[in-house]
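Notes to accompany the following structure.
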Number of protein chains: 2
Amino acid sequence: MANSGKKKATIYDLSVLSGSSPSTVSAVLNGTWQKRRIKESTAEFIRSLAETHQYTANRQARGLRSSRSGLIGLLLPIHDNRYFSSMAQTFEAHVRSKGQCPIVVSASRDPKEERKTAETLISYSIDELFICGATDPDGVHEVCEAAGLKHINIDLPGTKVPSVISDNYEGGRMLTEAIIRHFQATRPLEPHELYLFGGRNDHASRERIRGFRAVKNELLGADPDECIQPTGYAPNNARLAFEAFYEKHGKLPRGLFVNSSINFEGLLRFMAGHPHENFADLVVGCYDYDPFASFLPFPVIMIRQDVEGMITKAFDVIEEARPQPCIHLIQPELVQPRTALTGPLDALKDIE
Amino acid sequence: MANSGKKKATIYDLSVLSGSSPSTVSAVLNGTWQKRRIKESTAEFIRSLAETHQYTANRQARGLRSSRSGLIGLLLPIHDNRYFSSMAQTFEAHVRSKGQCPIVVSASRDPKEERKTAETLISYSIDELFICGATDPDGVHEVCEAAGLKHINIDLPGTKVPSVISDNYEGGRMLTEAIIRHFQATRPLEPHELYLFGGRNDHASRERIRGFRAVKNELLGADPDECIQPTGYAPNNARLAFEAFYEKHGKLPRGLFVNSSINFEGLLRFMAGHPHENFADLVVGCYDYDPFASFLPFPVIMIRQDVEGMITKAFDVIEEARPQPCIHLIQPELVQPRTALTGPLDALKDIE
DNA sequence: CTTGTTTGCACAATCGATGGTGCAAGAACT
DNA sequence: AGTTCTTGCACCATCGATTGTGCAAACAAG
């Protein structure tokens with residue numbers, strides 16, 4: 001309110017007020033003043049002026065000069081999902097602890113959109129880019145490479161720079177095995193009673209499917225091809241697939257491996273349309289963790305990917321001098337039904 | 001790969017290549033060339049050069065000159081939650097359709113953090129700021145005001161600029177009434193059997209509580225004070241409150257009004273610790289919508305706030321010439337148990 | 001052939017911060 | 001007193017794009 005309407009103070013304003021030159025003011029305020037042999041008393045005076053006039057540096061100007069911006073980007077497929085939003089939450093905490101500013105943007109799993117978004121971020125001179133779950137990581141890589149921007153892949157691997165991803169094969173195995181074992185106390189599953197729904201032809205889905213098929217063959221002795229239904233990621237496509245199966249068989253498979261919580265939403269939509277069914281014998285394994293899903297009226301076994309671990313690793317790797325384009329696998333965790341795990345929110349204090 | 005390592009092309013590079021002046025190049029590439037009477041053929045030539053050299057404007061430079069950045073900010077409490085992440089998703093779509101770049105940042109419901117974050121965003125010369133769910137909207141307002149930044153409140157109202165918020169009173173009423181009616185077919189609720197948990201002393205919580213108490217008094221004839229338990233937003237505090245109640249009464253209230261999905265997670269944590277209980281008679285009303293929560297093994301009635309409506313309204317209002325500091329109420333929607341609604345994700349195409 | 005007009009563009013200042021270089025005044029030393 | 005350091009800071013170019021202004025050349029009018 002004090003100086004409302006006035007524009008923000010600049011080093012030139014402070015320069016006039018203090019009687020020093022702009023470069024002196026700049027040096028004082030960005031910490032390089034000792035190197036420039038500015039007197040302590042001068043520095044102190046300028047600092048106090050900056051304080052009373054609420055000076056904050058114009059980052060566009062600084063960024064222009066230094067060709068850095070203090071922005072670190074995270075490119076997501078979508079926001080609206082527990083997995084990716086906890087990615088955003090964790091990423092943000094890391095970035096801020098480095099004193100930089102996070103900029104999180106989604107690109108809808110669309111390769112063109114991904115490149116365009118990366119270009120936009122680059123035009124803001126972001127300092128680093130974390131590419132998470134990109135459909136075409138190598139496409140984004142080219143854009144970054146051309147701009148000389150440090151970047152790294154998360155969740156879906158590329159071939160040109162390091163990638164930090166979940167161990168989807170192991171996760172797929174764990175989850176499949178857990179589903180199968182869940183039935184062993186009662187009536188064991190037949191091979192044609194365990195289906196996989198969702199995902200598409202991306203690295204994560206392929207690995208999970210590979211794990212699924214391996215374990216299924218090992219434990220159930222067979223894995224008919226029709227049990228694999230990669231219906232994409234849209235909830236409605238998954239719903240239609242469940243609908244079609246139900247239409248044909250009059251029921252759902254007893255065991256379901258659902259590729260992501262987004263696909264799981266497709267299952268919910270199917271269920272909403274069949275209120276009479278009680279799905280008593282159903283066991284779902286979902287490759288994602290959501291606390292509410294974990295408490296559904298049928299057993300839901302989930303995989304929690306180690307978001308904190310992945311982000312931490314990614315920051316480690318991106319700092320390395322010359323990172324090699326290798327893949328860092330992060331182990332996910334199996335979550336038994338009716339489990340409410342803590343998450344990044346628990347790190348926040350709740351001021352009352 | 002083509003010009004890997006080289007830095008990005010500037011208008012000066014193109015100026016040399018084309019034989020025109022930098023100002024001509026600039027005019028051509030930012031669309032003001034007609035006004036400057038640049039020949040069509042010159043423009044065409046420069047455009048083709050820009051194309052082959054993959055020119056993209058340096059936004060920091062542009063922003064410095066024009067004191068705009070093309071960035072529009074959204075300040076959230078947290079990312080990791082369906083309500084706020086769908087806010088982010090919707091906001092992003094709106095911003096991009098205006099040809100600008102969204103920057104979504106969270107501030108942990110901490111007033112100091114909120115102001116600091118706003119200041120950081122301002123230092124990047126963002127063009128507008130949407131303040132969502134801020135603990136201290138007027139504090140953020142001051143920071144914005146001092147910088148001459150257009151801003152608006154969402155979800156929690158301030159007193160200095162327009163606010164677009166859910167009609168929490170009506171929502172609270174609807175939800176409370178739905179809970180009570182849910183019992184009327186069987187054994188009606190007693191006043192001391194309907195509790196409200198979660199939230200704190202913010203506008204939204206107060207309004208919801210007001211609605212809760214009004215309806216409870218109307219329909220049940222009483223509302224003992226101890227039935228209101230504003231435990232804050234942290235899941236664990238809510239859990240402790242449920243734990244304490246259970247300790248004291250040996251059971252949960254039959255009717256629960258839970259103030260947010262985050263608090264609901266506290267209920268899940270409680271339940272995870274009591275696997276023997278079956279919570280058969282429980283009905284939960286939750287002031288937030290989450291598709292998985294809607295299918296839990298007990299009836300969960302939810303409120304879906306109209307995120308799309310709020311964001312749309314907020315964009316309308318912020319464009320107005322001199323917006324008055326009034327409150328725009330957006331009606332939320334009651335969601336019956338076992339309902340899987342579509343969301344912003346359904347707008348995405350799923351490329352296979 | 002001279003005097004406007006229009007066309008098409010170049011020049012240069014500017015946004016705010018940074019950092020290399022230079023230089024005066026004082027201190028230290030011979 | 002004269003020379004050499006050191007201290008303490010000012011000056012100025014620079015980052016890349018925008019924009020007000022000026023001015024030749026081409027053209028039209030008289």
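Just so we're on the same page: letters track the sequence lines, and every chain starts at 1.
Residue contacts for B:Gly31: at a heavy-atom cut-off of 4.0 Å it reaches no nucleic acid atom on any strand shown.
Formation of a donor-acceptor pair under 3.5 Å by the A:Ser18 side chain with backbone atoms of A:Ser20 is found in this model. Between the B:Asp138 side chain and the B:His141 main chain, no donor and acceptor come within less than 3.5 Å of each other. Proximity of a side-chain donor or acceptor of A:Ser163 to a complementary backbone N or O of A:Ile165 within less than 3.5 Å is not detected.
Between C:dG16 and A:Thr10, no contact under 4.0 Å exists linking OP1 or OP2 to a side-chain N or O.
Between the CG atom of B:Leu64 and the C1' atom of C:dA13 there is a distance of 13 Å, rounded to whole Å. The nearest whole Å value for the distance from the CG atom in B:Asn58 to the C1' atom in C:dT14 is 16 Å. Following rounding to the nearest Å, B:Arg68 (CZ) and D:dA17 (P) show an atom-to-atom distance of 18 Å. Atom CD of A:Glu44 is separated from atom P of D:dG8 by 16 Å (rounded to the nearest Å). D:dA25 atom P lies 14 Å from atom NZ of B:Lys39, rounded to whole Å. Between the P atom of C:dG8 and the CD atom of B:Gln34 lies a distance of 12 Å, rounded to the nearest Å. Atom-to-atom, CH2 of B:Trp33 to P of C:dT7 comes out at 14 Å; the value is rounded to the nearest Å. Across the protein-nucleic acid pair, B:Ile38 atom CD1 and C:dT6 atom P stand 18 Å apart, rounded to whole Å.
Once rounded to the nearest 0.5 Å, the distance linking CG of A:Leu345 with OH of B:Tyr233 reads 13.0 Å.
Using a cut-off of 4.0 Å between Lys/Arg side-chain N and Asp/Glu carboxylate O, A:Arg96 and B:Glu113 are scored as salt-bridged. With respect to B:Glu308 and B:Lys313, no salt bridge is recorded, no charged nitrogen being found less than 4.0 Å from a carboxylate O.
The aromatic rings of B:His94 and B:Phe315 lie parallel to each other, with less than 30° between the two planes, well short of the 60° mark.
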Using atom names, set out every protein N or O paired with an N or O of nucleotides 18-23 of chain D below 3.5 Å, distance rounded to 0.1 Å.
from   : atom 1 : to      : atom 2 : distance (Å)
D:dT18 : OP1    : B:Arg62 : NE     : 2.5
D:dT18 : OP1    : B:Arg62 : NH2    : 3.3
D:dT18 : OP2    : B:Ser26 : OG     : 2.8
D:dT18 : OP2    : B:Asn30 : ND2    : 3.1
D:dT18 : O2     : B:Arg65 : NH1    : 2.0
D:dT19 : N1     : B:Arg36 : NH2    : 3.4
D:dG20 : N7     : B:Arg36 : NH2    : 2.8
D:dG20 : O6     : B:Arg36 : NH1    : 3.1
D:dG20 : O6     : B:Arg36 : NH2    : 3.0

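For the pair B:Ser20 and A:Lys35, both in contact range of DNA chain C, the more 5′-proximal nearest nucleotide belongs to B:Ser20.
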